[in-house]
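Here's the structure, in C-alpha cells; my notes come after.
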Amino acid sequence: MAADLWTSVVSLAGVALGGGLTALAQRSAQRSAERAEERRRTAATAESRRAEQIDVLKEFVSCAQAAERAAYGRPDPWGDDQDGWMTQTGPVMTALWTASGKVTLLCDEALREPVRTYGHALNAAVWRDIGDVEVNEHLEEAKTAFMNAARASLAGA
C-alpha cells in the first residue's frame, strides 16, 4: 500500500510541476509577445510622426518659396495694390506663418529658432524692409540655417 501511495504522490507532484512549468512558459511567451508588440507600436508611431514632420516641413518650404516669389514680384516703387500684388501676397504670408506654426508645433525644438528667423527674413524681404540688399542675399543665411536644422532634425528622428 505504501508503494501505491508513493506512486500517486510522485505522479501528482509530476503533474503539478509540469503544470507549473507550462504556466511559466506561457506567461513568459505572453510577456515576450507583449514587448514585441509594444516595440512594433513604438516604431510605427515614430514612423508616422516622422512622416507628419516631413509633410509640415515640405509645406513650410513650399510656403517659403511662394513668399520668396512674392518678394521678387513686388512692384517698385511701393504704392497702391498695383496689379493685385498686395491682395495676392496677404494669403501667401498667412500661409507661411501658419506653416511656421505647424513646424514649431510638430517638429523638433531645435527647429523653432531657424523657422522663426527664416520667416522673419522672408517677411522683411516681401515688405522690402531690407534696404538695398538683394532678396537672395538677405535670405541666404536664414534659409541655409533652416535647411541645415531641418536636415539634422530629420536625420535624428
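The first residue of the sequence shown is numbered 1, and numbering continues consecutively from there.
- At distances below 3.5 Å, not a single donor-acceptor pair connects side-chain atoms of S62 with backbone N or O atoms of K58.
- Going from atom CZ of R49 over to atom CD of E47 covers 13.0 Å, rounded to the nearest 0.5 Å.
- The minimum heavy-atom distance between F60 and A99, with the atom names listed, is CA-CB, 3.8 Å.
- L139 and A125 make their closest contact through CD2-CB, 4.2 Å (heavy atoms, listed as atom of the first residue, atom of the second, distance).
- Two residues are said to be in side-chain contact when any heavy atoms from C-beta on lie closer than 4.5 Å; E109 and R112 meet this criterion.
- One finds the CG atom of L122 at 8.5 Å from the CD atom of Q65 (value rounded to the nearest 0.5 Å).
- Among residue pairs with one or both ends in residues 115-131, those qualifying as salt bridge (charged side-chain N to carboxylate O under 4.0 Å, His left out) are E113-R116; sequence neighbours excluded.
- A donor-acceptor distance shorter than 3.5 angstrom exists from the side chain of T22 to the backbone of G18, with no hydrogens or angles considered.
- Between the Q53 side chain and the L106 main chain, a donor and an acceptor come within less than 3.5 Å of each other.
- Note: Y118 OH to E141 CD = 13.0 Å, rounded to the nearest 0.5 Å.
- Between A149 and P114, the shortest heavy-atom distance links the atoms CB-CG, 3.7 Å.
- What you find for A71 and V135 is that their closest heavy atoms are CB-CG1, 4.0 Å.
- In the displayed structure, R41 atom CZ is contacted under 6.0 Å by more than 12 heavy atoms of other residues, nucleotides or ligands.
- Residues V126 and R74 have side chains not in contact (no heavy-atom distance under 4.5 Å, counting atoms from C-beta outward).
- In this structure, T42 contributes its side chain and E38 its backbone to a donor-acceptor pair below 3.5 Å.
- Atom OH in Y72 sits 7.0 Å away from atom CD in E134 (nearest 0.5 Å).
- With rounding to the nearest 0.5 Å, the separation of CD in E137 from CG in D132 is 10.5 Å.
- There is a side-chain donor-acceptor pair under 3.5 Å between E34 and Q30.
- Using a 4.0 Å cut-off between a side-chain N of Lys or Arg and a carboxylate O of Asp or Glu, K143 and E140 do not qualify as a salt bridge.
- Side-chain N or O atoms of S100 include none that pairs as donor or acceptor with a backbone N or O of L96 at under 3.5 Å.
- At least one side-chain heavy atom of V103 sits less than 4.5 Å from a side-chain heavy atom of L57.
- There is no path of hydrophobic side-chain contacts, each under 4.5 Å, that joins V133 to W127.
- Listed for the T94 side chain is a donor-acceptor partner under 3.5 Å among the backbone atoms of G90.
- At least one side-chain heavy atom of V61 sits less than 4.5 Å from a side-chain heavy atom of M147.
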